[in-house]
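This structure is a prediction, so every number in the text was calculated from the model and none was measured.
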Amino acid sequence: VQLQASGGGLVQAGSSLRLSCAASGRTFGSYAMAWFRQAPGKDREFVAGISRTGNTIYYGNSVKGRLTISRDNAKNMVYLQMNSLKSEDTAVYYCAATELPTGSSSTRYDYWGQGTQVTVSS
C-alpha cells in the first residue's frame, strides 16, 4: 500500500486542522492505520491508531481529547482532525499502515507516507 499525507500548514494556536491520508490499492480495509509525528530533535511519537474496521481507536496521551482519527474504507482515506492546536503540536505528521492490529509502536508499521508539516504559532 502507498500512502500520501496532506493537509498540513501554518496555523495559530487554538486553531483546527484536518490531515488526510490517501491510500492506494484495493485492500485498504486490510490495514490498521495510525498517525505519528516527529518534532525536530525528538523521537517519532504515536498520535493515534485505528483498527481495520474503525471500531478500535487509540490515542497518545499528549493528544487525548483534542485529536480525532477516523477512516473511510470506501474512499481509502484516513483522517486526523486536530482541534485546539498548541505550539507543541508542531511536527511532521506521518500516516502509517500495518497488517497487524493497531498499536503505538512504530515498529508495527511497514508502510509510511511522506509526512506533512504542521506548524502552530503561539
Side-chain angles (χ1 to χ4, degrees):
V1 63
Q2 292 184 321
L3 305 173
Q4 179 79 29
S6 62
L10 172 62
V11 297
Q12 291 187 332
S15 299
S16 297
L17 204 60
R18 189 175 84 153
L19 305 183
S20 299
C21 177
S24 65
R26 293 176 291 179
T27 59
F28 177 68
S30 300
Y31 297 94
M33 302 295 296
W35 288 94
F36 288 79
R37 68 185 182 186
Q38 189 165 19
K42 295 188 176 181
D43 294 335
R44 191 165 292 190
E45 176 190 16
F46 173 77
V47 175
I50 188 167
S51 63
R52 297 176 183 85
T53 61
N55 289 338
T56 302
I57 290 174
Y58 300 102
Y59 292 102
N61 289 333
S62 63
V63 303
K64 282 182 180 177
R66 298 188 299 115
L67 274 59
T68 303
I69 188 171
S70 61
R71 67 187 294 163
D72 185 337
N73 285 352
K75 296 182 178 180
N76 285 13
M77 296 291 294
V78 178
Y79 305 100
L80 185 67
Q81 178 66 43
M82 303 190 293
N83 299 326
S84 302
L85 284 164
K86 305 175 182 180
S87 57
E88 50 262 46
D89 294 319
T90 295
V92 178
Y93 285 71
Y94 300 90
C95 59
T98 179
E99 293 174 288
L100 301 173
T102 189
S104 61
S105 173
S106 62
T107 60
R108 301 177 68 86
Y109 297 86
D110 295 317
Y111 307 95
W112 293 83
Q114 86 291 359
T116 185
Q117 176 72 48
V118 173
T119 302
V120 183
S121 63
S122 57

Side chain proximity check, Ser106 to Gln38, heavy atoms < 4.5 angstrom: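 SC-SC contact between Ser106 and Gln38 ruled out.
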Non-hydrogen side-chain atoms of Gln117 and Thr90 separated by less than 4.5 Å: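 They are in side-chain contact.
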For a quick test of reading the model, state the closest non-hydrogen atom pair linking [X] to [Y] and the distance between them.
X      : Y      : result
Thr107 : Ser105 : OG1-OG, 2.7 Å
Met33  : Cys21  : CE-SG, 4.4 Å
Arg108 : Thr98  : O-OG1, 2.6 Å
Arg71  : Ala32  : NH1-CA, 4.0 Å
Phe28  : Val78  : CZ-CG2, 3.4 Å
Ser84  : Arg66  : O-NH1, 3.1 Å

[X] side, atom [atom1]; [Y] side, atom [atom2] - distance, nearest 0.5 Å:
X     : Y     : atom1 : atom2 : value
Thr68 : Leu80 : OG1   : CG    : 8.0 Å
Arg18 : Gln81 : CZ    : CD    : 7.0 Å
Tyr59 : Ile69 : OH    : CD1   : 6.5 Å

Counting distance only, does the side-chain N/O of [X] pair as donor-acceptor with the main-chain N or O of [Y] below 3.5 Å?
X      : Y     : result
Thr116 : Tyr93 : no
Arg52  : Gly29 : no
Ser20  : Gly7  : no
Gln114 : Ala5  : yes
Asn76  : Gly25 : yes

Donor on one side chain, acceptor on other, Tyr58 and Ser51, under 3.5 Å: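 Short answer, no.
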Given the rule that I, L, V, M, F, W and Y join up when any side-chain heavy atoms are under 4.5 Å apart, are [X] and [Y] in one cluster?
X     : Y      : answer
Val63 : Val118 : yes
Leu67 : Val11  : yes
Val92 : Leu85  : no
Tyr94 : Met82  : no
Leu19 : Phe46  : no

Side chain to side chain contact (heavy atoms under 4.5 Å, CB included) between Tyr111 and Glu99, worked out: CA-CA 10 Å; Tyr111 307 95; Glu99 293 174 288; 4.2 Å; yes
Ring geometry between Phe36 and Trp112 (parallel below 30°, tilted from 30 to 60°, perpendicular above 60°):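 Because their plane-to-plane angle lies in the 30° to 60° range, the rings of Trp112 and Phe36 count as tilted.
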Residue pair Thr27, Val1: steps toward the side chain to side chain contact (heavy atoms under 4.5 Å, CB included) verdict: CA-CA 8 Å; Thr27 59; Val1 63; 5.9 Å; no
Heavy-atom neighbours of Glu88 CD exceed 12 at 6.0 Å: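 Yes, because the 6.0 Å sphere around CD of Glu88 holds more than 12 heavy atoms from other groups.
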Passing candidate, side chain to side chain contact (heavy atoms under 4.5 Å, CB included) with Tyr109, options Leu100, Thr102, Leu3: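 Going through Leu100, Thr102, Leu3 one by one, the side chain to side chain contact (heavy atoms under 4.5 Å, CB included) with Tyr109 is satisfied by Thr102 alone.
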